[in-house]
Number of protein chains: 2
Amino acid sequence: MPTATGRSRRKAGPSIEDVARLAGVSAQTVSRVSTGADAVRPATRARVLAAMDQLGYSPNRAARALRNGSFGTIGLLAHRFERTGEALTTKAVVEAAEAQDHSVTLLHVSNPEADGWQHAAHRLSHQAVDGLVIIRAEQATPDSLALPAGLPIAVSDSRLVGYYPAVVADQVQGSQDVMAHLLGLGHPTVHHIAGPADSDPAALRAATWQRCLEEAGIRPPQVWRGDWSAESGYAAGQRIAEDPAITAVYCANDEMAFGLMRALHEHGRRVPQDVSVVGFDGIALSEFSSPPLTTVKQDFHRIGHELVRLVLDQLQSKPGLSRDRVVVSTELLVRGTTAPPPGR
Amino acid sequence: MPTATGRSRRKAGPSIEDVARLAGVSAQTVSRVSTGADAVRPATRARVLAAMDQLGYSPNRAARALRNGSFGTIGLLAHRFERTGEALTTKAVVEAAEAQDHSVTLLHVSNPEADGWQHAAHRLSHQAVDGLVIIRAEQATPDSLALPAGLPIAVSDSRLVGYYPAVVADQVQGSQDVMAHLLGLGHPTVHHIAGPADSDPAALRAATWQRCLEEAGIRPPQVWRGDWSAESGYAAGQRIAEDPAITAVYCANDEMAFGLMRALHEHGRRVPQDVSVVGFDGIALSEFSSPPLTTVKQDFHRIGHELVRLVLDQLQSKPGLSRDRVVVSTELLVRGTTAPPPGR
DNA sequence: TCCCGGAATGTTGACGTCAACATAGCAGCG
DNA sequence: CGCTGCTATGTTGACGTCAACATTCCGGGA
């Protein structure tokens, strides 16, 4: 059974010794040149550089990592990271890490049940990376992860917030803005298509929606349950479109809003004249639905950068500099899918 | 100049020696248990496993990499990988790599001008990863990359195809299907919103569009030039919407189709009654525009898996098994944005 | 002239792992 | 009862790098 064990010793590239021999110096001098640390006579340095160039030498990162105990690598643990929010965060994490001379190793958690996360965490265990960023670990709990102690970790919205340094978007403010906007337009009530029940951000958005209604003296209607996908928004939309009493829907993300709008469109209900729709996330395409979607924009770029900062601060033992929880503000973008209710 | 060099020796986790001592065996026996390779008596194995568990041991990957000359890591070089196609390909690459016990290190090329790619290639230089996957290296040329010789590489659609083993989507077939569909509906001609001029897939789609028109005896109209973004599709749409003679537009990707549709909508031109629109990629949201977008679906999942296979085949020196070029077929999805031209 | 001191360079060893080889233990058999 | 031929385990060394320490070299001052 020759599975993946068939890895044999690869032919090595030129080593520091080869360069040293060619340049007529010791390995240590080559090391000095390559790390740029110590004093080396300009003539010697030039000779070493020429030798490096000639051999196409580049330092072996495994050996460096072994020597230094540091990989220059941050692990990124995510589930379904091809989704817009995750992809944008990932991009920002990679950029920020690069700016700090770190690279990013991706680990995709295929089955988000506890086992998948644990398996993933184990693979990226504390010797493989210097730190770990976890984005949207929806089902995971600190126990189910069993991460090695001492590994610097930063998480974004998820159940893990509170257990590890975290970056969270201001779900509450964003949801309040949405509700103020819709109720301000005169809608008698607002329906909500929520994200999956095991998602923390989804729960927060739903709770804020509910609280805002209650504070306005309105009894919250039954919540519609989606799973972030446009399909689920479409499915909920099939029922919503049949109820002429519904004039405003707050969707927990943009994809579900797209699904809802298609369902409304198919049932001949006009957006925004008959029904107002609001999304969440501010994905690039949200500006190009017809009409463009009113939504709450998240600053994924900043979220990614803050996540990296939290991890690297721990690495460099600057606990004083890193607050436990960074809140990134959100912004309501009022575009074309919201209007006063019909007959008003 | 203390740049990022301030990394000190991290406190090490438990080593194989610690486990050996606790279990009362030699380090080699621990190694055998941890690699699962050799024969170890069940009682001994159990003792070692218990010791590993108690200490929270996990093998040091740097040491392993140094020993084996292999990192178990594939590098992924991409520009703007947060876009749908890139993100889906990335996901598939990560999954496929994981299935082969490899992890994936992401490298984001921020400025795609030659320098950015070269810088990126240098960072991932041949000792850091066992192989390299390059997706959509639009501006890069083999010379501008200067990749280390002997590093297994696989590329997807880009100018690099032909220089390295490649996986390409069947742009030609997909474009032909689009043109046959639209012309078959009776449209007198078809306009095209192309991708950026330096993109190979964009060029291929545009060339096929042009050839199909010519073969039908139609003189191709001026091409509209976009940059893949919905914004650019919207910008082209502002002009297209003003020309009542235009009844069908083939967009080189879905995002631009979304932008076009919003522009058409704003100008009161109905899709598909007045204008037919076709996209390319088959992103998840394309099914949830109103009406749902007719598009050419690419199998990003398969593309990612083939890329990994090409790299790993080279790693295991199976040149016979890996063709130089894998073509992944595309599929026209006829949905709601295409219809016969008005008055027919 | 000789010695001192600092700068440039060299030598040694250790990081953690695992392949190769070495040895110990033990069952089976004549 | 000793020998053969396994199987289970132990020992050694090397992968490439770099910090710590050691050495060499050289100019300048006494």
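To find a chain, count down the sequence lines: A is the first, B the second, and so on, and within it residues start at 1. What you see is a predicted model; the values in this text were computed from it and never measured.
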Study note, to complete from the structure: Heavy-atom closest pair (Gly69(A) atom, Asp130(A) atom, distance to 0.1 Å) is O-OD1, 4.3 Å
Check your understanding: Does a side-chain N or O from Thr44(A) land closer than 4.0 Å to OP1 or OP2 of dA8(C), or not?
Key -> no
Revision key, fill the gap. Atom CD1 of Ile16(A) and atom P of dG16(D) are separated, to the nearest Å, by 11 Å
Review point. Would Arg47(B) and Thr29(B) count as a side-chain hydrogen bond (donor to acceptor under 3.5 Å, both in side chains) if you check the C-alpha gap in whole Å, the side-chain angles of each, and the deciding distance to 0.1 Å?
Key: CA-CA 11 Å; Arg47(B) 215 149 21 100; Thr29(B) 299; over 6 Å; no
Review point. What residues form a salt bridge (charged side-chain N to carboxylate O under 4.0 Å, His left out) with Arg80(A), not counting sequence neighbours?
Key: Glu82(A)
Practice item. Work out how much the helix from dT1(C)-dA30(D) to dG30(C)-dC1(D) bends between its end axes, five pairs an end, to the nearest 10 degrees. Key: 70°
Practice item. Measure the distance from CG on Asn60(B) to P on dC15(D) and round it to the nearest whole Å. Key: 18 Å
Check your understanding: Considering residues at least two apart in sequence or located in another chain, which fulfil the salt bridge (charged side-chain N to carboxylate O under 4.0 Å, His left out) criterion with Arg32(A)?
Key -> Asp38(A)
**Study point:** For atom CG of Leu66(A) and atom P of dC15(C), their distance in whole Å
**Key:** 9 Å
Check your understanding: Of the residues in residues 20-27 of chain A, which ones touch DNA chain C at a heavy-atom distance under 4.0 Å?
Key -> Val25(A), Ser26(A)
Exercise for review: Would you tell me if any nitrogen or oxygen in the side chain of Thr29(A) comes within less than 4.0 Å of OP1 or OP2 on dG10(C)?
Suggested key: yes
Point to revise | Residue Pro59(A), side-chain atoms from C-beta onward, closest of dT17(D), dT9(C), dC15(C) | key: dT17(D)
Check your understanding: CZ of Arg45(B) versus P of dA8(D): gap in Å, rounded?
Key -> 10 Å
Study note, to complete from the structure: In whole angstroms, the gap separating P of dA14(D) from CD of Glu17(A) amounts to 13 Å
**Study point:** Whole angstrom value for the distance that separates P of dT12(C) from CZ of Arg67(A)
**Key:** 16 Å
Review point. Taking only residues two or more places apart in sequence, or in another chain, which ones meet Glu95(B) in a side-chain hydrogen bond (donor to acceptor under 3.5 Å, both in side chains)?
Key: His301(B)
Practice item. Specify the separation, in whole Å, of atom CE of Met52(A) and atom P of dG16(D). Key: 15 Å
Review point. Taking atom types as they are modelled, is there a donor-acceptor pair under 3.5 Å from the base of dG10(C) to the side chain of Arg32(A)?
Key: yes
Check your understanding: How close or far is atom P of dG13(D) from atom CD of Gln28(B), stated in whole angstroms?
Key -> 15 Å
Revision key, fill the gap. By salt bridge (charged side-chain N to carboxylate O under 4.0 Å, His left out), Asp18(A) pairs with (sequence neighbours left out) Arg21(A)
**Study point:** Arg64(A) side chain to Ser34(A) side chain, donor-acceptor N/O pair below 3.5 angstrom
**Key:** yes
Practice item. Over all heavy atoms of both residues, which pair between Val48(A) and Ala23(A) is shortest? Give the atoms and the distance, please. Key: CA-CB, 4.0 Å
Check your understanding: For dC18(D), does OP1 or OP2 lie under 4.0 Å from any side-chain N or O of Arg64(A)?
Key -> yes
Check your understanding: Given that Ala63(B) and Val40(B) both sit by DNA chain D, which one's nearest nucleotide is further toward the 5' end?
Key -> Val40(B)
Revision key, fill the gap. Heavy atoms of Leu310(A) and Ala154(A) approach each other most closely as CB-CB, 3.8 Å
